[in-house]
Amino acid sequence: MTSQICIIIAIIAYLGMMIYIGISYSKKNTQAAEFYLGGRKLGPLVTAMSAEASDMSSYLLMGLPGLAYLSGLSEVGWTAIGLAVGTYLNWLFVSKRIRRYSSRIGSFTLPEFFSRRYGDDRHILTCIAAIVIVIFFVPYTASGFAACGKLFSTLFGMNYTIAMLLSAAVIVLYCTLGGFLAVSTTDLIQGITMSIALLIIVGFGAVVTSGFDSVFNAAKELPGYLSLVQSYSPQTDTASPYTFLMIVSTLAWGLGYFGMPHILLRFMAIEDEEKLTLSRRIATVWVVISMGVAVLIGVVGYGLSQAGILPVLEGSNSETVIIQIASVLSGYGIFPALIAGVILSGILAATMSTADSQLLAAASSISQNLVQDFGKKKLETKTSLIIARITVIAISLIAVFIAQDPNSSIFTIVSFAWAGFGAAFGPVVLLALFWKRSNKQGALAGMIAGGVMVFAWKYGIAKLGGAFAIYELLPAFVVALLVNVAVSLLTKEPDAEIVKTYEEVMNK
């Protein structure tokens with residue numbers, strides 16, 4: 001009982017701090033541009049940690065360890081490698097260009113950037129991009145709410161729905177109050193909290209199992225568990241080849257970064273584009289270490305189960321492995337229980353840092369891009385902010401409805417939404433920044449083709465099995481890129497003014 005009280009104290013203190021930050025920044029949002037992009041005032045450290053904390057959603061502390069626990073290193077290892085490479089390349093090639101370009105054309109949301117980049121006065125690109133964001137961000141946000149519900153229901157035996165609703169309420173509160181600056185500042189704190197949680201968990205796991213040797217010895221007994229070219233099946237207790245095609249498909253996770261609205265917004269928001277070099281270094285190092293430790297925790301968790309310290313976790317329950325380890329830690333006294341509370345706050349941090357960013361991006365898509373840009377309804381500053389906050393609440397209610405099922409897999413939901421953004425937006429972003437011949441017809445066709453292909457491949461083509469059973473992001477990204485290029489070449493060249501702006505930005 002004492003341990004649970006200590007855990008509750010730590011979590012309440014953490015949540016209280018998040019709400020306080022939201023209230024503190026609420027007075028600084030005097031216009032929509034500040035609510036959505038913080039007035040382009042972010043420093044390099046906040047930019048780096050905010051981008052990566054908002055990226056590393058609940059799959060960092062629940063999805064990745066859970067998959068490693070069940071199936072070993074192959075799928076989760078190649079996923080982590082793909083994400084690490086994608087992170088670095090996104091910062092290296094995209095960050096400075098989109099910061100410079102978005103500032104030059106005065107855009108502070110991704111859909112608005114597309115329309116202004118291509119001279120789309122009718123805002124068709126804005127409308128389609130906003131719809132894509134809502135389609136894929138709502139279930140993505142729902143996965144975050146579900147992770148919070150799993151956390152509290154597993155730890156305290158709370159009703160899953162009540163736990164999920166309470167967590168969602170806190171996220172919505174500080175997001176609607178503080179906007180982008182509050183979200184980015186809390187992301188920095190959440191990134192630090194996540195790092196602490198990861199390191200403590202892996203260290204504690206190694207200690208109680210008498211060192212990493214015993215952990216890996218237990219893992220070696222499973223066929224293919226520690227291999228990158230074989231995959232372990234817990235259902236049959238056998239190994240199967242992890243083929244070259246499967247490796248390429250899994251590495252394709254890295255392509256998703258080029259189309260993630262909540263990450264691209266961080267690039268657009270930094271105060272000085274030259275500081276993005278420092279941000280890139282911080283972000284890349286943090287991502288590599290955090291994902292490596294997260295995967296290791298899954299292996300350590302399996303060792304703990306084999307030692308009888310943890311129960312054997314099956315199916316989606318494997319995603320609670322860190323919660324289970326923290327629960328064991330809390331039984332060692334008051335101080336360890338407080339540490340366990342910090343760890344569990346780390347899980348909340350991983351979830352909240354992504355959910356708040358997604359809510360903000362989705363809200364801007366509806367209130368700014370659909371209502372004002374596409375709908376051509378100019379609103380006063382105060383009215384615009386009110387609509388933005390109402391939109392956050394409305395989207396949250398839909399996400400809460402979707403998150404009602406406690407048995408849904410966080411990793412599966414996140415992977416589909418990731419594919420959707422990567423395929424719909426990734427090729428458009430890259431061509432907008434690196435090919436002056438691309439035009440609005442190509443961008444529109446590519447965006448639609450990418451989004452549609454994700455659904456078609458996931459729920460149709462992939463069911464054919466064999467070579468078709470690959471991650472939907474890879475074929476959808478390729479199709480979207482080819483369609484964008486082909487349609488651009490088959491239609492009228494961009495206007496001279498658009499090309500001139502492109503050359504001015506790129507030659508700066």
Side-chain angles (χ1 to χ4, degrees), residues 47-60 63-64 67 73-99 110 136-137 140 187 191 194 228 244-268 276-277 279-295 350 353-354 357-358 361 411 414-434 446 450 453-454 470-481:
T47 299
M49 293 304 294
S50 177
E52 300 316 317
S54 63
D55 161 33
M56 292 294 154
S57 61
S58 49
Y59 74 77
L60 177 65
L64 288 180
L67 186 59
L73 296 185
S74 55
E75 182 175 358
V76 72
W78 289 113
T79 298
I81 292 171
L83 289 171
V85 173
T87 296
Y88 179 77
L89 294 179
N90 201 28
W91 282 94
L92 181 64
F93 294 116
V94 173
S95 62
K96 283 188 178 181
R97 290 195 174 213
I98 199 167
R99 167 61 176 85
L110 191 60
F136 289 108
F137 260 160
Y140 209 147
D187 283 347
M194 290 154 65
L228 287 175
F244 177 75
L245 181 60
M246 295 169 71
I247 291 172
V248 172
S249 168
T250 309
L251 285 173
W253 270 82
L255 294 174
Y257 277 106
F258 301 120
M260 291 298 129
H262 52 300
I263 297 174
L264 296 172
L265 282 176
R266 267 64 186 177
F267 299 161
M268 295 161 64
L276 283 165
T277 300
S279 296
R280 182 183 74 236
R281 293 168 182 166
I282 296 171
T284 304
V285 170
W286 187 85
V287 164
V288 170
I289 294 175
S290 63
M291 286 196 298
V293 174
V295 172
S353 60
T354 302
S357 299
Q358 293 162 350
F411 191 88
V414 170
S415 68
F416 180 70
W418 187 268
F421 285 123
F425 291 157
V428 181
V429 169
L430 291 175
L431 293 176
L433 298 176
F434 290 94
M453 182 55 69
V454 166
I470 59 176
Y471 184 30
E472 57 270 18
L473 173 55
L474 180 58
F477 188 96
V478 172
V479 167
L481 185 65

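When reading the values below, keep in mind they use all heavy atoms of this one structure, side chains included, and skip hydrogens, waters and symmetry mates. These figures come from a predicted structure and were not determined experimentally.
The side chain to side chain contact (heavy atoms under 4.5 Å, CB included) check on L433 picks up V94, R97, I98, Y101, F113, V429, M506, with sequence neighbours excluded. Remark: Y471 pairs with W253 by the ring pair (Phe, Tyr, Trp, His ring centres under 6.0 Å) rule, at least two apart or across chains. With sequence neighbours left out, the side chain to side chain contact (heavy atoms under 4.5 Å, CB included) criterion links V285 to I289. Residues passing the side chain to side chain donor-acceptor pair (under 3.5 Å) test with T250 are Y242, sequence neighbours excluded.
Annotation: side chain of W418 is not in contact with side chain of F136 (no heavy-atom distance under 4.5 Å). Within the 4.5 Å cutoff, no side-chain heavy atoms of I81 are placed close to those of M291. Side chains of W91 and R281 form no contact here, defined as non-hydrogen atoms less than 4.5 Å apart. For the pair L264/F421, no side-chain contact is recorded, criterion being any heavy-atom separation below 4.5 Å from C-beta on. Side-chain contact between Y88 and V288 is absent, with no heavy atoms from C-beta onward closer than 4.5 Å.
Atom OG1 of T277 sits about 9.0 Å away from atom CG of L92, to the nearest 0.5 Å. With rounding to the nearest 0.5 angstrom, the CE atom of M453 is 14.0 Å from the CZ atom of F477. One distance of note links CG of L110 with CD1 of I263; it measures 11.5 Å at 0.5 Å rounding. Rounding to the nearest 0.5 Å gives a distance of 5.5 Å between CG of L481 and CG of L431. The distance from the CG atom of L251 to the CG atom of L83 is 9.5 Å, given to the nearest 0.5 Å. Taking OG of S95 as the start and CE of M268 as the end, the distance is 12.5 Å to the nearest 0.5 Å.
Of all heavy-atom pairs between A84 and V287, the closest is CA-CG1, 4.2 Å. Nearest heavy atom pair, residue V454 against residue A423, reads CG2-CB, 3.7 Å. Counting all heavy atoms, side chain and backbone alike, F434 lies closest to F93 at CZ-O, 3.3 Å. Summarising the geometry of S415 relative to E472, their closest heavy-atom pair is O-OE2, 4.4 Å, with the distance given to 0.1 Å. When all heavy atoms of A480 and G450 are compared, the closest pair comes out as CB-CA, 3.7 Å.
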